[in-house]
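By convention here, the first residue in the shown sequence is residue 1. Bear in mind the structure is a predicted one, so any value in this text is a computation, not a measurement.
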Amino acid sequence: GLDRSFRTTTELLQKLLRGLQERRTAWISARPSTLAPSPALEDVAMRLAAEEKARGQLLGRIAALLPLSAGVTAADLHVNVSRIAGALPDAAGRALRATADLATELARKVRVEVTLGRRLLEFSHRAQDGFLTQLATGAGGTAGPAVYDRNARTRRGASSVAGSLIDGRL
């Protein structure tokens, strides 16, 4: 039961990690078609959350079966993989520990990938804001790029007049 849960979590984390890495690579290579929201990644994340919930329930049932120390109630018992692996036969305990360790390592890699993605988005946001501010005010605080009014007359600076077009030269 628990070993199967960790194996499922490991598979889902591997899919999520590959998907996040592919999205980061696509972002860096500026392929907009791959930057759209990904229903596949959302599905993997929802399945991962469901597996985590099911594992939590399984751990609650396992806690009731573990031997208790003197003066400790089942509600106070901290259940972790090490405690469960210690209560299992050696081979099963080692297999459970290895599977849990792999899931933990993959979860760490997913957290790193999510952090990188968030930082890339923050950088992009700051860069765009800076570029748009520079575009509107012009380099060095001058009037800004040439714009054309609706009569095709050149004006300097970003115009708020309806129908103004920004010059294609930046």
Side-chain angles (χ1 to χ4, degrees), residues 1-137 139 166 170:
L2 189 57
D3 190 52
R4 181 203 51 77
S5 176
F6 279 122
R7 286 182 201 277
T8 302
T9 297
T10 299
E11 291 170 10
L12 292 171
L13 284 170
Q14 286 171 336
K15 287 179 184 177
L16 187 60
L17 181 61
R18 277 192 306 272
L20 289 171
Q21 288 171 336
E22 288 169 1
R23 286 182 63 80
R24 179 171 46 92
T25 303
W27 188 88
I28 290 170
S29 66
R31 289 186 303 183
S33 62
T34 58
L35 294 179
S38 173
L41 286 180
E42 290 294 323
D43 180 56
V44 169
M46 289 186 342
R47 289 174 44 204
L48 194 56
E51 188 63 37
E52 180 69 26
K53 183 178 177 184
R55 188 174 39 258
Q57 293 170 349
L58 183 59
L59 286 173
R61 291 195 304 267
I62 290 172
L65 301 174
L66 289 175
L68 300 174
S69 301
V72 176
T73 65
D76 295 334
L77 185 64
H78 177 71
V79 180
N80 58 25
V81 172
S82 297
R83 183 179 299 261
I84 295 168
L88 294 173
D90 287 342
R94 281 193 302 274
L96 178 64
R97 182 82 246 169
T99 306
D101 288 345
L102 181 59
T104 301
E105 179 63 22
L106 283 168
R108 185 190 64 76
K109 289 179 180 180
V110 166
R111 281 192 301 275
V112 167
E113 204 58 44
V114 167
T115 300
L116 281 172
R118 187 180 70 244
R119 288 180 183 169
L120 283 171
L121 288 173
E122 289 170 358
F123 168 77
S124 174
H125 180 72
R126 284 192 309 273
Q128 280 184 333
D129 283 349
F131 174 73
L132 292 175
T133 300
Q134 184 180 13
L135 183 65
T137 62
I166 296 177
L170 295 177

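With rounding to the nearest 0.5 angstrom, the CG atom of Leu59 is 8.5 Å from the CD atom of Glu52. One finds the CD1 atom of Ile62 at 4.5 Å from the CG atom of Leu2 (value rounded to the nearest 0.5 Å). A distance of 13.5 Å separates CG in Leu16 from NZ in Lys109, rounded to the nearest 0.5 Å. Atom CG of Leu120 sits about 11.5 Å away from atom CZ of Arg23, to the nearest 0.5 Å. Separation of atoms CG (Leu41) and CG (Leu17) is listed at 10.5 Å; rounding is to 0.5 Å.
The shortest non-hydrogen separation linking Glu113 to Leu20 is CG-CB, 3.4 Å. Minimum interatomic distance between Gly93 and Ala85 (heavy atoms only, all atoms of both residues): O-CB, 3.5 Å.
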Report task. Verify side-chain contact (heavy atoms from CB on, under 4.5 Å) between Asp101 and Glu105, making sure each step is shown before the conclusion. Result -> CA-CA 6 Å; Asp101 288 345; Glu105 179 63 22; over 6 Å; no
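When the side-chain hydrogen bond (donor to acceptor under 3.5 Å, both in side chains) test is applied to Thr104, no partner is found at least two apart in sequence or on another chain.
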Got a list of side-chain donor-acceptor pairs under 3.5 Å for residues 5-13, not counting sequence neighbours?
| residue | atom | partner | partner atom | Å |
| --- | --- | --- | --- | --- |
| Ser5 | OG | Glu51 | OE2 | 2.8 |
| Ser5 | OG | Arg55 | NH1 | 3.0 |
| Arg7 | NE | Asp3 | OD2 | 2.9 |
| Arg7 | NH2 | Asp3 | OD2 | 3.0 |
| Thr8 | OG1 | Arg4 | O | 3.0 |
| Thr9 | OG1 | Ser5 | O | 2.9 |
| Thr9 | OG1 | Arg55 | NH1 | 2.6 |
| Thr10 | OG1 | Phe6 | O | 2.8 |

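Using a 4.5 Å cut-off on side-chain heavy atoms (C-beta onward), Arg94 and Asp90 make contact.
With respect to Arg119 and Glu122, no salt bridge is recorded, no charged nitrogen being found less than 4.0 Å from a carboxylate O.
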